[in-house]
Protein chains: 2
Amino acid sequence: MLSRASKYAILSTLYLAEHASKEKKMSVKKIADAIDVPSPFLAKLFQQLVHAKIISSVKGPNGGFYITKKNGDKTVCDIIENIDGLHKLNECFLGLNECDGENPCPVHFIVEPFKKSILGKFRDKSILEFSKEVADNGRFLTLKHLDLD
Amino acid sequence: MLSRASKYAILSTLYLAEHASKEKKMSVKKIADAIDVPSPFLAKLFQQLVHAKIISSVKGPNGGFYITKKNGDKTVCDIIENIDGLHKLNECFLGLNECDGENPCPVHFIVEPFKKSILGKFRDKSILEFSKEVADNGRFLTLKHLDLD
DNA sequence: ATAATAAAAGATAATAAGGTCTTTTTATTT
DNA sequence: AAATAAAAAGACCTTATTATCTTTTATTAT
């Protein structure tokens, strides 16, 4: 459904929202290590997100990425929009070119409510708000394999 | 979520279930045209499905593919299992390597019920039964763009 | 038997996705 | 002012997926 690129971007941006600020910027390297995604690849993705004003950056020593109130109206949907295009979230589960209530694929009426609900989740809160919810609820963001002691 | 290969295989197999029988076998070409998938690619996929005894085939004039009672206990899950591997249906929506109730990603509790329900749909009926349901309910199987007159 | 038909098998090609590397630019610290 | 740190930009490489082509084998109809 989502490309790896979008997944990396979402997780990293949420991590950034939780751990960085204008006063405490974060380098790609640090985020990439925390989330366990390839850092040159993440650098590319963050470039796009800066361009789309979803996150902010400054160059040079003590520079890095962060999120401010000014990036505040942006949502996870905007991330997906900018990396994959939103249609990726809306595609028919079985690949039909036209799949809707009039012309439904065999699983349309199972998939449709799910898509609605995930879209709502990604669109109704700003990244900062969503990040807070995620942190408060103890949701995980890393691709790292857990140490199962 | 599913590869194109799996999607092609599912749609084509359901089409086959509805339109072919031991007495009325169908060639790859005919199915590929009906569903609008590349026929050499579909031929490969059907080879795999024959191997897995999900569909049947005979060579030569008037040969082709069909589904019998003997293929009857197989399900759409078996198709996915043989083309993509079932794990593809179970992967974390955001790509976490370990995502479960203990260690949930930000959308785990939205995605989980959906996965359960789609898995049930694909596992609880044989392909023949599922095909009948699909036909009775007027669900669509083709990738063709509709003529919007 | 022979010709024709269709699947099986395997090799190959094209495309897209994922990932890396190098150079340039900008800002900061000393 | 010089050195350094980090992002920006762009070229490049690798791998997986998707798709095609060619040859072989099996079956059936004539």
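The structure presented is a predicted model; accordingly, all values stated were derived computationally and were not measured. Residue numbering restarts at 1 for every chain, and letters A, B, ... go by the order of the sequence lines.
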Checklist entry - Angle class for the A:Phe114/B:Phe114 ring planes (parallel below 30°, perpendicular above 60°, tilted otherwise)? => result parallel

Checklist outcome for this item: Between B:Gly63 and A:Gly63, whichever has its closest DNA chain C nucleotide further toward 5' is B:Gly63

Checklist entry - Base, sugar-phosphate, or nothing: which does B:Lys29 touch, judged by heavy atoms less than 4.0 Å apart? => result nothing

Checklist entry - Roughly how far, to the nearest 0.5 Å, is the NZ atom of A:Lys70 from the NZ atom of A:Lys22? => result 7.5 Å

Checklist entry - The side chain of B:Ser27 lies closest to which of these nucleotides: D:dA7, D:dT20, C:dA6? => result C:dA6

Checklist entry - Could you give the CZ-to-C1' distance, from B:Arg4 to C:dA17, as a whole number of Å? => result 12 Å

Checklist entry - Under 4.0 angstrom, heavy atoms only, what part of the nucleic acid is B:Phe65 near: base, sugar-phosphate, or nothing? => result sugar-phosphate

Checklist entry - Atom CE of B:Met26 to atom P of C:dA7: distance rounded to whole Å? => result 11 Å

Checklist entry - If you check every side-chain atom of A:Pro38, which of D:dA19, D:dA8, C:dG19 has the closest atom? => result C:dG19

Checklist entry - Between C:dT25, D:dA26, C:dG19, which one does the side chain of A:Lys59 approach most closely? => result C:dT25

Item to check | Candidate list A:Ile80, A:Leu86, A:Thr75, test side chain to side chain contact (heavy atoms under 4.5 Å, CB included), partner A:Phe122, passing option | outcome: A:Ile80

Next on the checklist: With a cut-off of less than 4.0 Å, is there a side-chain N or O of B:Ser57 near OP1 or OP2 of C:dA8?
Outcome noted: yes

Checklist entry - Could you give the NZ-to-P distance, from B:Lys25 to D:dA26, as a whole number of Å? => result 18 Å

Checklist entry - Looking at the side chain of B:Pro61, which of D:dT28, D:dT20, D:dA7 is the nearest nucleotide? => result D:dT28

Item to check | Toward the 5' end of DNA chain C, by each residue's nearest nucleotide, B:Gly64 or A:Asn62 | outcome: B:Gly64

Next on the checklist: Please report the distance, rounded to the nearest Å, between CG in B:Leu143 and P in D:dT18.
Outcome noted: 13 Å

Next on the checklist: Let me spell it out: for each of A:Lys44 and B:Ser39, pick the nucleotide of DNA chain D with the closest heavy atom. Which residue's pick is nearer the 5' end?
Outcome noted: A:Lys44

Checklist entry - Within 45 degrees of the axis of the six-membered ring of A:Tyr66 and under 6.0 Å from its centre: does A:Lys25 put its NZ or CZ there? => result yes

Next on the checklist: Expressed as a whole number of angstroms, how long is the span from A:Tyr8:OH to C:dT20:C1'?
Outcome noted: 13 Å

Item to check | d(CG, A:Asp36; C1', C:dG19) in whole Å | outcome: 14 Å

Next on the checklist: By the 4.0 Å heavy-atom rule, please label A:Pro40 as base, sugar-phosphate, or nothing.
Outcome noted: base

Next on the checklist: What is the distance, to the nearest angstrom, from the CG atom on B:Leu45 to the C1' atom on D:dT20?
Outcome noted: 13 Å

Next on the checklist: Does A:Gln47 contact D:dA7 through a side-chain donor or acceptor facing the base, at a distance under 3.5 Å?
Outcome noted: no

Checklist outcome for this item: Separation of C:dA8 atom C1' from B:Ile55 atom CD1, nearest Å, is 12 Å

Next on the checklist: Between B:Lys121 and B:Glu133 (salt bridge meaning N to carboxylate O under 4.0 Å), is one present in this structure?
Outcome noted: yes

Checklist entry - So which of B:Leu45, B:Ile83, B:Leu2 actually passes side chain to side chain contact (heavy atoms under 4.5 Å, CB included) with B:Tyr8? => result B:Leu45

Checklist entry - According to the Watson-Crick and G-U wobble definitions, with both distances under 3.5 Å, which nucleotide is paired to D:dT30? => result C:dA1

